[in-house]
Amino acid sequence: MTIRFIAASRLPTPWATFTMHGFEDEATGKDHIALTLGDVTGGEPVLGRVHSECLTGDALFSMRCDCGYQLQEALKRIAEEGRGVLFYLRQEGRGIGLLNKIRAYHLQDQGADTVEANEQLGFGADMRRYDLCVPMLNHLGITALRLMTNNPRKVDALTRDGVNVVERLSITTGLNPHNEQYLSTKAGKLGHMMALDDFTHASDVDIERKG
Ligand SMILES: Nc1nc2c(ncn2[C@@H]2O[C@H](COP(=O)(O)OP(=O)(O)OP(=O)(O)O)[C@@H](O)[C@H]2O)c(=O)[nH]1
Ligand SMILES: [Zn+2]
C-alpha cells in the first residue's frame, strides 16, 4: 500500500475552518481526505473519527442510514474540542462500492437486511480496511486517537494495524423511522455497541442541515 500526500488547504464549514489534507492511494487510485483542527501533533491523544464514504448519507441526505448525521456530529464535536481529526475514507458501501450498494439497497427494499443483502450479492458483510490510516496518521504526526465510533471491529482493526486507540466514544445520532431496522441489524449482526435508546433523533439534529 502506497499512500502519498498530495496537498493541503483550508476548508471552512459551518462548525469550524478545518485544514483539509488530500492523499492518493497509488495502489487503488482512490483519493482520501483528512480534516484536522488545531495542533494534532505532540502526543496528546486526538479526538478522531474514521468515517467511511456514504455518498447517499453524507451528500444526498439519505435517512436510510446514520452516516450523514454521524459526519455532522463528528465535525461538531471536533470543533467544540478545538482539536481533532476526521478521516474520510473512500470505501463506499462498506467497501463494495456505490453501485453494489444500490444493488444491496434494492434487495433490502425487498426484505433482506443489510448483511443478507451483501451476502446475496456475493460479498462479505463488511469489506473495509483501515491500514491506509497509518501513513496518513504518520504524515499528520498523530500518535494516539480517542475514536468516535460504535463499531468495536473498527477499533480492533485499527489496533491490529498499529494505531494507538486509547478510548472509544459513542456516536449515536440520527435515529429515524427509515433507519431504525438498519441500526438494529448493525447492533445485532455487526456487533455495533449501541442501543436505540441512546440515539438522538433525526428530527432533533437535522435543523442545522435544513438551515
Ligand atoms: N453495503 C452496504 N453498505 C452500507 C449500507 N448502509 C451504509 N453502508 C455503508 O456503511 C459504511 C458506514 O458503516 P457503518 O456500519 O454505518 O458504520 P461504521 O463506520 O462501521 O461504524 P461507526 O463508526 O459506529 O459509524 C459506509 O461506507 C456506508 O456507505 C448498506 O445497507 N449496505
Ligand atoms: Zn450511510
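Side-chain atoms are counted along with the backbone in the values below, which use heavy atoms only and exclude waters and symmetry mates. Keep in mind that this is a model prediction, so the values were computed, not measured. Remember, it's 1-based here, ligands and their atoms both numbered in the order they're listed.
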Check ligand 1 against Arg49 and write out every atom of the ligand that is under 4.0 Å from a heavy-atom position of the residue. 22 (P), 23 (O), 25 (O)
Under 4.0 Å to a heavy atom of Asn151 - the qualifying atoms of ligand 1, by number: 18 (P), 20 (O), 21 (O), 24 (O)
Please report which non-hydrogen protein atom sits nearest to atom 23 (O) of ligand 1, along with the residue it belongs to and the distance in Å to one decimal place. Thr149 OG1, 2.5 Å
Does the residue Arg128 have a heavy-atom contact with ligand 1, meaning some pair of atoms that are separated by less than 4.0 Å? yes
Under 4.0 Å, counting heavy atoms only: does Tyr105 come that close to any atom of ligand 1? yes
Identify which of Asp126, Ile102, Leu147, Asn150 has a heavy atom lying nearest to atom 24 (O) of ligand 1. Asn150
State whether a side-chain donor-acceptor pair under 3.5 Å links Lys154 with Ser52. no
Protein heavy-atom partner closest to atom 19 (O) of ligand 1 - residue, atom, separation in Å: Lys154 NZ, 2.8 Å
Report yes if some heavy atom in the side chain of Leu190 is under 4.5 Å from a heavy atom in the side chain of Arg94; otherwise report no. yes
Ligand 1 atoms in contact with Gln91 (distance to a heavy atom under 4.0 Å): 27 (O)
Give the residue and atom name of whichever protein heavy atom lies nearest to atom 32 (N) of ligand 1, and the separation in Å to one decimal. Thr114 OG1, 3.4 Å
Tyr182 to ligand 1: N or O pair under 3.5 Å? yes
Checking heavy atoms under 4.0 Å, the part of Lys186 that sits near ligand 1 is side chain
Contact check, side chains of Asp66 and Phe199, non-hydrogen atoms, under 4.5 Å: yes
Give a rough value, rounded to 10 degrees, for the angle at the Zn ion (ligand 2) between atoms SG of Cys54 and SG of Cys65. 110°
Apply salt bridge (charged side-chain N to carboxylate O under 4.0 Å, His left out) to residues Glu73 and Arg49 and explain how you reach the verdict. CA-CA 10 Å; Glu73 172 72 13; Arg49 165 94 184 141; over 6 Å; no
Atoms of ligand 1 close to Glu53 [distance to a heavy atom under 4.0 angstrom, numbered from 1]: 26 (C), 27 (O), 28 (C), 29 (O)
If hydrophobic clusters are built from ILVMFWY residues whose side chains come within less than 4.5 Å, do Val134 and Phe5 share one? yes
For ligand 1, note which part of Lys101 has a heavy atom under 4.0 Å away: side chain, backbone, both or neither. side chain
Same apolar cluster: Tyr105 and Met127, side chain cutoff 4.5 Å: no
Has Gln108 got a side-chain atom pairing as donor or acceptor with Ala117's backbone, closer than 3.5 angstrom? no
What atoms of ligand 1 come closer than 4.0 angstrom to any heavy atom of Gln70? 22 (P), 24 (O), 25 (O)
Check for me whether Asn118 has a heavy atom closer than 4.0 Å to any atom of ligand 1. yes
Please list, in number order, the atoms of ligand 1 under 4.0 Å from a heavy atom of Asp66. 16 (O)
Met148, any N or O under 3.5 Å of ligand 1 N or O: no
Which residue holds the protein heavy atom closest to atom 5 (C) of ligand 1, what is that atom called, and what is the gap in Å? Arg94 NH1, 3.6 Å
Are a donor atom and an acceptor atom from the side chains of Arg90 and Thr28 found within less than 3.5 Å of each other? no
Ligand 1 atoms nearer than 4.0 angstrom to some heavy atom of His192 are 15 (O), 17 (O), 18 (P), 20 (O), 21 (O), 24 (O)
Flag side-chain contact, heavy atom, 4.5 Å: Gln91 against Tyr130: yes
Asp58 and Tyr88: side chain donor to acceptor below 3.5 Å: yes
Enumerate the atoms of ligand 1 whose separation from the nearest heavy atom of Gln108 is less than 4.0 angstrom. 30 (C), 31 (O), 32 (N)
Asn179 side chain to Asn176 backbone, donor-acceptor under 3.5 Å: yes
State if Arg153 counts as touching ligand 1 under the rule of any non-hydrogen atom under 4.0 Å. no
With a 3.5 Å distance limit and no angle check, can you tell me whether Glu26 reaches the backbone of Arg4 through a side-chain donor-acceptor pair? no
From Arg128 atom CZ to Leu89 atom CG, the distance as rounded to the nearest 0.5 Å: 9.0 Å
So do the side chains of Arg146 and Glu81 get within less than 4.5 Å of each other, counting heavy atoms only? yes
Please state which part of Leu55 comes within less than 4.0 Å of ligand 1, counting heavy atoms only: side chain, backbone, both or neither. neither
